[in-house]
A.B. asks: 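Below you will find the structure I want to go over with you.
For this chain, numbers begin at 1 and follow the sequence in order.
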Amino acid sequence: MMFKVKILVVGPCESGKTVLSNFLADATDTSSGEYHPTQGCRILEFETNNFNSRQNIEVELWDVSGDKKFESCWPAIAKDTNGVLFVYNPDQASHGQDLAKWHECFVQNQGLKDSQCAVFAHHKPGSSDRERAELSGSFNNLSVVQTNIEEDGEAVRDSFNKFLSGLQGIMSTNREQEELSIMNQR
């Protein structure tokens, strides 16, 4: 059986969401290194193999614009989400606090649990290792993964695959509980 998972990639403008999404989906990035803001949302679809369960997972990665002018679209984008990947640039002091509104919209308002979230502090090439951004209290129970595709792309992919594996476990448990609930109603 193929698992299908919808993951939103959210965070402030210029935090590296599109670069990470392209990398994780093995999509070719045709940009010249110039910044091109995402308009609304991009959906990247790909299959990956979960080595724990030896199952293929069909991933929908929704690269969501960080621009507030698209905020009215967020509830529709959030519908039927299985997981949220928060991305921010730790070199930008404002990014940490900016994530709080995305957490409220995409996690709290959707009834998701912290176990369905991951946080990537995305370091751009040539950036310092010093953290300037501080996350709000909404992220106290989440571990932050330091990501740098250029220096250690495989570690980024491994962190994403661990997140994906955790989501698959949660979805399996939820599905089993739903099936039991249906059978018990008879």
Side-chain angles (χ1 to χ4, degrees), residues 3 5-27 29 35 38 41-53 57 59-66 77-78 81-108 110 112-171:
F3 247 82
V5 62
K6 175 181 175 181
I7 299 173
L8 304 182
V9 181
V10 301
C13 292
E14 296 189 60
S15 58
K17 299 179 297 293
T18 297
V19 171
L20 268 168
S21 296
N22 285 342
F23 174 77
L24 294 170
D26 284 327
D29 185 10
Y35 176 66
T38 299
C41 176
R42 294 172 55 239
I43 302 171
L44 292 95
E45 295 180 291
F46 61 98
E47 283 184 24
T48 187
N49 193 352
N50 181 344
F51 298 105
N52 295 338
S53 67
I57 301 175
V59 179
E60 276 186 11
L61 209 55
W62 291 51
D63 175 13
V64 181
S65 171
I77 290 169
T81 296
N82 304 113
V84 179
L85 175 58
F86 293 95
V87 178
Y88 74 102
N89 180 346
D91 292 326
Q92 300 295 320
S94 64
H95 278 199
Q97 293 304 315
D98 287 349
L99 285 185
K101 73 170 175 265
W102 280 285
H103 188 276
E104 181 182 337
C105 179
F106 293 110
V107 177
Q108 293 168 348
Q110 299 304 314
L112 296 180
K113 298 178 178 72
D114 284 342
S115 56
Q116 293 170 273
C117 302
V119 183
F120 281 11
H122 183 63
H123 295 270
K124 295 187 176 185
S127 65
S128 72
D129 286 338
R130 196 176 81 223
E131 284 273 329
R132 290 191 183 90
E134 286 189 32
L135 298 178
S136 73
S138 307
F139 295 90
N140 287 348
N141 296 328
L142 296 172
S143 60
V144 176
V145 177
Q146 304 296 321
T147 62
N148 187 323
I149 293 170
E150 288 74 18
E151 289 180 16
D152 197 355
E154 280 313 301
V156 174
R157 199 174 300 283
D158 288 347
S159 294
F160 179 75
N161 286 335
K162 283 180 190 157
F163 173 54
L164 208 50
S165 183
L167 282 179
Q168 184 183 17
I170 291 166
M171 291 169 65

A.B. asks: Treating Ser159 as the side-chain partner and Ala155 as the backbone partner, does any N or O pair qualify as donor plus acceptor under 3.5 Å?
C.D. replies: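 Judged by distance alone, yes, a pair lies under 3.5 Å.
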A.B. asks: Is the closest side-chain heavy-atom distance between Phe86 and Val107 below 4.5 Å?
C.D. replies: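 Contact flag for Phe86/Val107 side chains = yes.
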A.B. asks: To the nearest 0.5 Å, tell me how far Lys17 NZ sits from Cys41 SG.
C.D. replies: 11.0 Å
A.B. asks: Identify the two heavy atoms, one from Asn148 and one from Val156, that lie closest to each other, and give their separation to 0.1 Å.
C.D. replies: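 The answer is N-CG2, 3.9 Å.
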A.B. asks: Would you say the side chain of Gln146 lies within less than 4.5 Å of the side chain of Asp152, judging by non-hydrogen atoms?
C.D. replies: no
A.B. asks: To the nearest 0.5 Å, what is the distance between CG (Leu8) and CD1 (Ile77)?
C.D. replies: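 The distance works out to 7.5 Å.
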A.B. asks: Using atom types as modelled and distance alone, determine if a side-chain donor or acceptor of Ser15 lies under 3.5 Å from a backbone N or O of Asn89.
C.D. replies: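 No; zero donor-acceptor contacts below 3.5 Å.
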A.B. asks: Quick check on side-chain contact (heavy atoms from CB on, under 4.5 Å): which of Leu135, Asp98, Val10 does Tyr88 satisfy it with?
C.D. replies: Leu135
A.B. asks: Quick one: does Arg42's side chain get under 4.5 Å of Asn22's, heavy atoms only?
C.D. replies: yes
A.B. asks: Working to the nearest 0.5 angstrom, can you tell me the gap between Leu164 CG and Arg157 CZ?
C.D. replies: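 So the CG of Leu164 and the CZ of Arg157 are separated by 11.5 Å.
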A.B. asks: With rounding to the nearest 0.5 angstrom, report the NE2 to CG distance, His122 to Asp91.
C.D. replies: 10.5 Å
A.B. asks: To the nearest 0.5 Å, tell me how far Thr48 OG1 sits from Phe3 CZ.
C.D. replies: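 Interatomic distance, Thr48 OG1 to Phe3 CZ, rounded to 0.5 Å: 14.0 Å.
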A.B. asks: Got Leu85 and Phe120 here, is their nearest side-chain heavy-atom distance under 4.5 Å?
C.D. replies: yes
A.B. asks: Rounded to the nearest 0.5 Å, how far apart are CH2 of Trp62 and OG of Ser21?
C.D. replies: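 Rounded to the nearest 0.5 Å, the CH2-OG separation comes out at 13.0 Å.
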A.B. asks: Tell me the closest heavy-atom pair linking Ser136 and Ala100, and the distance in Å.
C.D. replies: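 Closest heavy-atom pair between Ser136 and Ala100: OG-CB, 3.5 Å.
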A.B. asks: Heavy atoms only: give me the nearest Phe46-Ala25 pair and the separation to one decimal.
C.D. replies: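 Closest pair (atom of Phe46, atom of Ala25, distance): CD2-CB, 3.4 Å.
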A.B. asks: Are the side chains of Thr147 and Phe23 in touch, meaning some heavy atoms are under 4.5 Å apart?
C.D. replies: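 No; the side chains remain at least 4.5 Å from each other.
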A.B. asks: Hey, does the side chain of Asn82 reach the backbone of Ile7 with a donor-acceptor pair shorter than 3.5 angstrom?
C.D. replies: no
A.B. asks: Would you say the side chain of Leu167 lies within less than 4.5 Å of the side chain of Gln116, judging by non-hydrogen atoms?
C.D. replies: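 A side-chain contact under 4.5 Å exists here.
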A.B. asks: Would you indicate whether the side-chain heavy atoms of Phe106 and Thr81 approach each other to under 4.5 Å?
C.D. replies: no
A.B. asks: Give a yes or no on whether the backbone of Glu45 and the side-chain of Glu60 come within a donor-acceptor separation of less than 3.5 Å.
C.D. replies: no
A.B. asks: Between Leu20 and Val9, is any pair of side-chain heavy atoms under 4.5 Å apart?
C.D. replies: no
